[in-house]
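First up is the structure itself, then whatever we jot down about it.
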Amino acid sequence: MKLYNTLTKEVEEFIPHNKNEVTMYTCGPTVYHYAHIGNLRTYIMEDILEKTLNYLGYNVKRCMNITDVGHLTSDSDTGEDKMLKGAKREHKTVMEIAKMYTDAYFSDCQKLNLAKPKIVSPATDNIDNYIEMIEKLIKKEYAYISNGNVYFNVSKLDDYYALTNHKENEMVVGAREGVKEDLGKINQSDFVLWFTKSKFDDQELKWESPWGLGYPGWHIECSCISLKYLGEYLDIHCGGVDNIFPHHTNEIAQTEATIGHKWCSYWVHGEHLNDQSGKMSKSKGEFLTVSLLENKGYDPIAYRFMCLQSHYRNQLMFSYDSLDNSVQALEKLKNKIRNLKEDGEVKDLETFRFKFKEALGNDLNTSLAITVLYDVLKSELNNSSKLALIKEFDTVFSLNLLEEKKLNKDLIENIETLLEKRKQAKIDKNFNLADEIRKEIEDLGVTIKDTREGTIYSLK
RNA sequence: GGGCCUGUAGCCAAGUGGUAAGGCAUGGGACUGCAACUCCCUGAUCGCUGGUUCAAAUCCGGUCGGGCCCUCCA
């Protein structure tokens, strides 16, 4: 298995710290609003990665956080807590909001066939751990207290910018509008570990700490949760590219300062989904959620398919045209598969299996893996063998390729009766009637197809 | 100002030195009472421009265009 590692900027052979056991940490959602499909693109990539590793025989232990607290707009005390903002908007308490959007998030995941990580931990469940870790950092003199907040001192590290090519003196403070310099810091890139002072005194969730009543900075949760559940040697850490700096950079800083050795070997980042105006966001353009797509009549799986046809490290352009494209393609693909009927012994799977593994094993080239699927369909293999391969591939793709939609009994009887009538009409050359009956059947949501063996039907 | 990614047929998109995968759409054909489904056939020299090389979409330089990050973000 080869993976592109942001840390080395190279595609590397993946070697877990502990033989076949893989530890994987993926940054989870901030539950102050619905996830948009751009957010979900990264989770789709992570899902494919996890399933590919499983397919290749690894045992993956994956952990994800749920950010349900104190996600400020910035470390410099400007901006507003997102959870609080969400709560105000919905006239609910912060915890109610968190619950509501956490549920919504997992519901979206389910619709996209995203496996739930073995370990899911809300940020608010681990406050004691953060405090403990921050105390350690202060004791080791990596952290200092200033203006009531606890900061991490990045100048104590040899290589704070390991993940990026940033240089401290070339960075522009306030490159982004609304960001103001925090005068309490020693270095420009120092970040907050614990807040006791914020311009937003109405911050709802606060905890007692050695530094006073306050709440954690927004990088500490991922470090802590990861250490708590996955140990001091992490194999893979994932997230969106926007997390590279500062979030992941800071995670590395505080974690390695705490444990005193290298922490995570492979950093895997997913590129963004863009729309015509650039990066998709919650504040501009159409707010594209899974539910919105569903309301417009799209099967969320078609979006998953769209993502798989591109590479996770390339930006992908969203448009309804390309989603329509994927809808068509997926439908055709499933039709082809539906037409395969078992016909004997399963054999000769290795060639395609190898190609499939090679595609995914090459830094998750899902697009090429999809091509292998089409190659299987066009191959000389018998149907049973094709079906066996498709079933295997779909453990990674998760596109419901073999899904047989269930017809209920009454519906079947109804259709059988109508088909009999239509058959008679055709014999009588009464094609108008035959067409009417076909229309009637289609209105029931069923497609029919005339073949030499008779008429067959399936759910649309 | 600094860092990074990207430009392949109408559209989406693989492909990192040896003369361009795949999908969707289009057009033509087979099948059908018609249709749907399915099957067969159908298209690009890779933004532009210099260079390296026996050989470049692939490497290097320039140029034009699109996008991202630099303390909200997947």
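A, B, ... follow the sequence lines: proteins, then strands. Residue 1 opens every chain. All figures in this text were calculated on a predicted structure; none of them were measured in a lab.
Listed nucleotides: B:C11, B:A74, B:G33. Nearest to the side chain of A:N243: B:A74. Of the candidate nucleotides B:A35, B:A25, B:A21, B:A25 has the atom nearest to the side chain of A:K332. Looking at the side chain of A:R422, the nearest of the listed nucleotides B:A13, B:G22, B:C34 is B:C34. Across B:G22, B:C12, B:A74, the shortest atom-to-atom separation from the side chain of A:S322 is found for B:C12. Distance from the side chain of A:Q315 is smallest to B:G67 among B:G22, B:G67, B:C39. When distances run from any side-chain atom of A:A434 to the nucleotides B:C12, B:A21, B:G33, the shortest one goes to B:G33. Nearest to the side-chain atoms of A:K336 among the listed nucleotides B:C39, B:A35, B:C12 stands B:C39. Across B:C39, B:G22, B:A74, the shortest atom-to-atom separation from the side chain of A:Y374 is found for B:G22. Nearest nucleotide to the A:L316 side chain, out of B:G23, B:A74, B:A13: B:A13. Each of B:G33, B:C24, B:G22 was ranked by its minimum atom distance to the side chain of A:T371; first place goes to B:G22.
Contact annotation: A:K439 side-chain N/O to B:C34 OP1/OP2 distance is not under 4.0 Å. A sub-4.0 Å separation between OP1 or OP2 of B:A25 and a side-chain N or O of A:Q328 is present. Taking side-chain N and O atoms only, A:K426 has no distance below 4.0 Å to OP1 or OP2 of B:U32. For B:C12, neither phosphate oxygen OP1 nor OP2 lies less than 4.0 angstrom from any side-chain nitrogen or oxygen of A:N314. Residue A:N39 places at least one side-chain N or O closer than 4.0 Å to OP1 or OP2 of B:A74.
In this structure, A:S310 reaches the sugar-phosphate backbone alone: every heavy-atom distance under 4.0 Å involves primed, P, OP1 or OP2 atoms, never a base. Residue contacts for A:L273: at a heavy-atom cut-off of 4.0 Å it reaches a base atom on one of the strands shown. A:N339 comes within 4.0 angstrom of sugar-phosphate atoms only, judged by non-hydrogen atoms across all strands, and of no base. A:G38 comes within 4.0 angstrom of a nucleotide base, judged by non-hydrogen atoms across all strands.
Between the CG atom of A:L112 and the CG atom of A:D47 there is a distance of 9.0 Å, given to the nearest 0.5 Å.
The partner of B:A9 is absent, by the rule that a Watson-Crick or G-U pair needs both atom distances under 3.5 Å. Searching all strands for a Watson-Crick or G-U wobble partner of B:C68 with both distances below 3.5 Å returns B:G3. The partner of B:C59 is B:G51, judged by Watson-Crick or G-U wobble contacts that both fall below 3.5 Å. Pairing partner, B:U38: B:A30, with both Watson-Crick or wobble hydrogen-bond distances short of 3.5 Å.
Comparing B:A44 with B:A55, their P atoms sit 25 Å apart, to the nearest whole Å. Using atom P as the reference point in both B:U16 and B:G10, the two lie 24 Å apart (nearest Å). Going from the C1' atom of B:C31 to that of B:A13 covers 32 Å, rounded to whole Å.
A salt bridge links A:E50 and A:R62; the closest N-O separation between the charged side-chain nitrogens and carboxylate oxygens is under 4.0 Å.
Contact of the A:C27 side chain with the A:H248 side chain is registered, since non-hydrogen atoms from C-beta on lie closer than 4.5 Å.
For A:S385 against A:L349, the heavy-atom pair with the smallest separation is O-CD2, 3.6 Å.
Judged purely by atom type and a 3.5 angstrom limit, A:K378 has no side-chain atom pairing as donor or acceptor with the backbone of A:D375. Put simply, the side chain of A:N383 never gets that close to the backbone of A:L340: no donor and acceptor are under 3.5 Å apart.
Map A:H272 and A:N325 each onto its nearest nucleotide of RNA chain B; the residue landing nearer the 5' end is A:N325. In this structure, A:S319 and A:Y43 both approach RNA chain B, and ranking their closest nucleotides by distance from the 5' end singles out A:S319.
With hydrogens and angles ignored, a donor-acceptor pair under 3.5 angstrom links the side chain of A:D435 to the base of B:G33.
For the 3.5 Å distance criterion, the side chains of A:K51 and A:S398 qualify, holding a donor opposite an acceptor.
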